[in-house]
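As structure tokens, the structure follows; a few thoughts come after it.
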Amino acid sequence: MSEQIRVRFAPSPTGPFHIGGARSALFNWLLAKKYAAGKFVLRIEDTDRVRSTRESEENIKAALKWLGMDWDEGIDVGGEYGPYRQTERLDLYQKYTDQLIAEGKAYYCYCSEAEIEAERTALKAENKMPIYQGHCRNLTPDQIAQYEAEGRRPVVRFRTPENQQVRFKDLVRGDMCFDSNGIGDFVIVKADGIPVYNYAVVLDDALMKITHVIRAEEHLSNTPRQVVLYEALNMPIPTFGHISLILGKDHTKMSKRHGATSVDQYRQLGYLPEAIVNYLALLGWAPQDEKEIFSSEELIAAFSMDHVAKNPAVFEIDKLNWINAQYMKQAAPERIALLAVPHLVEKGYISGPFSEEEMKRFVRFIAVIQDHLSYAAQVVDFAAIYFNDKVEVSVGEMSESLLDETAPAVIEMFKEMLQALDQVTAETVQPIFKAIIKAFKANGQKIGGQKVYMPLRVAITGQMHGPDLAQIIEVLGRERVIARIDGAMASVR
RNA sequence: GGCCCUAUGGUCGAGUGGUCAAGACGCUGCCCUCUCAAGGCGGAAGCAGGGGUUCAAAUCCCCUUAGGGCUACCA
């Protein structure tokens, strides 16, 4: 592969930025970064004026940046092949359209949408391929004048060569071959003068000197249309690579039904961008070795289109969660704390951002629960341990552990020993538990760790499960721990 | 309907004519442990079906089946 590699990501800004789009972008980005002279360009395909929005374009850019995929050329950053928004390139396209028409490779078609629709329906009824039958292929000047007089606005159709084998090379599918007769004379410019996707994409990719077009498989069947256009335009055909689609759990195309599908939803849930990138890379591509966790740099080094899978991949949230958890364990607690703030606010634990001092303390708590988290929003599952000073002991196993006959003595001893400590840290607290067991033993009573830890855990956290108790005590501090214990004991008495 | 793509455990996937068919997630057993996680060590679980080709097929060919895409004046 040449070092002059130029790839692009060309999304349509028509909605939330989808996880599948992110993977397409990633594969292109990885390919560009692999080569010193590689360039990744970001182009906005907004020819669908009804559905395209600036808001969506901003989302895409923000998501790409969040994921760490910087672009060398394109929207916002510019470059020598701009502009990079298709609606700003209309005059450029016009030149080539005129040329195609002049050469007889394209022609005006005055058929109305209703007429086309009727033709299509009829063909389908006969079990034939619903392709344009060429009604306006060879209009006389008189006919054209007649249509113009009727006020018809023409589209431009491409005169697709007949009886031709359209071939192209696909990096993931191998050599592809389509029959040109299955294509028909398709529209390249709509009645409003705006080129259609299949046409604009060819012009843009050629003009922007794109060498490799890596995109989703849904475009595979469109590729022969594009290839005939490249040929008619006398422009070099890029190398294609059609990566398979990402499916939901039920093996249908990922949609809202499958839960979070947009990059932004994952960002809001407190997933880490490195983890998303890592997971996406593993979806449809496999490294040569058995490595699973990759930094961006490692990904760039290891990535190759040679090992991109052909079959569609099911998006498995469990695996993403596992990968994200791997990154969470390594992440700075400060970062996780920051990501958790909106969720803590939402649950009413706090009313706004932490003060600097509060943050410092909360970060210590995060360090304690860090290994329990798949993503930052899950902090709320542990937040009660930290925030609820008024411990609620539910009747049942919990209250029983406090009403256990050894419990009062355990708790009294614990309080005394905790008070006696110079410094309350996990290291100084831990020996207390052992000391209590020993004290019972000296008294002729054998009790297990369970009888010591559980009443204390329940009295301090109001829960029977949770992270290391000594660490929780360190984070909470002596006063709050004592107060919680007293409150809890009072509530069960 | 036509054209096209795809098919290895529940999932991601290694595998490119000769392997006891990797590894990971998930599930599960044990260890660790106050608990829940994390971590460590094990286990169950797979070549969609049928025909060929070949001494030999997950691997090559054909058919069937299933899933998906395209067939727009969407991208």
Side-chain angles (χ1 to χ4, degrees), chain A residues 10-14 45-48 50-52 86 109 111-113 116-117 120 123-131 153-157 170 172-173 176-179 181-184 186-198 200-201 215-225 242 244-245 247 249 251-253 279 282-293 307 309-323 325 329 369-374 382 401 433 437 448-458 461 463-470:
Chain A
S12 296
T14 55
E45 309 214 326
D46 58 346
T47 54
D48 184 341
V50 205
R51 296 196 300 146
S52 297
Q86 288 187 326
C109 167
C111 296
S112 69
E113 291 192 53
I116 295 293
E117 187 52 43
R120 231 196 308 269
L123 284 165
K124 276 192 173 175
E126 289 178 58
N127 271 341
K128 284 187 185 153
M129 229 173 144
I131 57 175
R153 305 265 319 269
V155 298
V156 179
R157 280 184 189 275
D170 192 290
V172 353
R173 321 241 155 222
M176 300 298 303
C177 179
F178 288 80
D179 188 339
N181 294 343
I183 297 174
F186 56 96
V187 173
I188 56 174
V189 181
K190 303 181 230 180
D192 61 4
I194 298 186
V196 100
Y197 161 77
N198 275 317
V201 79
R215 65 203 344 176
E217 190 191 332
E218 53 189 319
H219 294 287
L220 184 59
S221 301
N222 274 320
T223 308
R225 274 168 246 274
H242 289 94
S244 59
L245 261 18
L247 270 26
K249 212 165 180 93
H251 291 232
T252 63
K253 202 171 167 178
Y279 177 63
L282 257 22
L283 214 50
W285 167 80
Q288 289 293 73
D289 54 19
E290 287 170 4
K291 201 170 157 68
E292 295 267 354
I293 302 299
H307 292 90
K310 290 197 259 265
N311 48 320
V314 172
F315 186 88
E316 178 100 60
I317 192 73
D318 286 335
K319 180 84 180 229
L320 203 215
N321 284 345
W322 178 79
I323 290 180
K329 277 189 280 192
I369 63 169
Q370 206 162 349
D371 283 357
H372 296 242
L373 304 171
S374 285
F382 298 90
S401 77
F433 303 123
I437 295 173
Q450 177 114 241
K451 295 274 188 202
V452 175
Y453 283 95
M454 209 40 79
L456 287 166
R457 177 176 288 283
V458 168
T461 69
Q463 295 177 16
M464 299 193 67
H465 306 296
D468 184 79
L469 194 53

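All values derive from a computational prediction rather than experimental measurement.
- Residue A:K249 has no polar side-chain atom (N or O) positioned under 4.0 Å from OP1 or OP2 of B:G26.
- A distance cut-off of 5.5 Å between ring centres, combined with a plane angle under 30°, places A:Y453 in a stacking arrangement with the base of B:C34.
- Of the P atoms belonging to B:C3 and B:G10, the separation is 33 Å, rounded to the nearest Å.
- Applying the 4.0 Å criterion to OP1 and OP2 of B:G39, one finds that A:K329 has a side-chain N or O inside that range.
- The side chain of A:D318 has B:G26 as its nearest neighbour among B:C73, B:G26, B:G10.
- Within the 4.0 Å cut-off from OP1 or OP2 of B:A72, not a single side-chain nitrogen or oxygen of A:K190 is found.
- Straight-line distance between the P atoms of B:G40 and B:A58: roughly 34 Å, to the nearest whole Å.
- Nucleotides B:G17 and B:C60, compared at atom P, are 9 Å apart to the nearest Å.
- Taking side-chain N and O atoms only, A:H251 has no distance below 4.0 Å to OP1 or OP2 of B:A66.
- Contact annotation: A:R120 reaches the phosphate of B:A72 (side-chain N/O to OP1 or OP2, under 4.0 Å).
- Residue A:N311 has a polar side-chain atom (N or O) positioned under 4.0 Å from OP1 or OP2 of B:U8.
- Remark: the separation of the P atoms in B:G50 and B:A57 is 14 Å, to the nearest Å.
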Next on the checklist: Working note: A:F315 + A:Y279, criterion side-chain contact (heavy atoms from CB on, under 4.5 Å); need CA distance, chi angles, decisive distance, verdict.
Outcome noted: CA-CA 10 Å; A:F315 186 88; A:Y279 177 63; 3.4 Å; yes

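- Note on A:S244: every side-chain N or O is 4.0 Å or more away from OP1 and OP2 of B:C5.
- Mapped onto RNA chain B by nearest heavy atom, A:R457 and A:E217 fall at different nucleotides, with A:E217 at the one closer to the 5' end.
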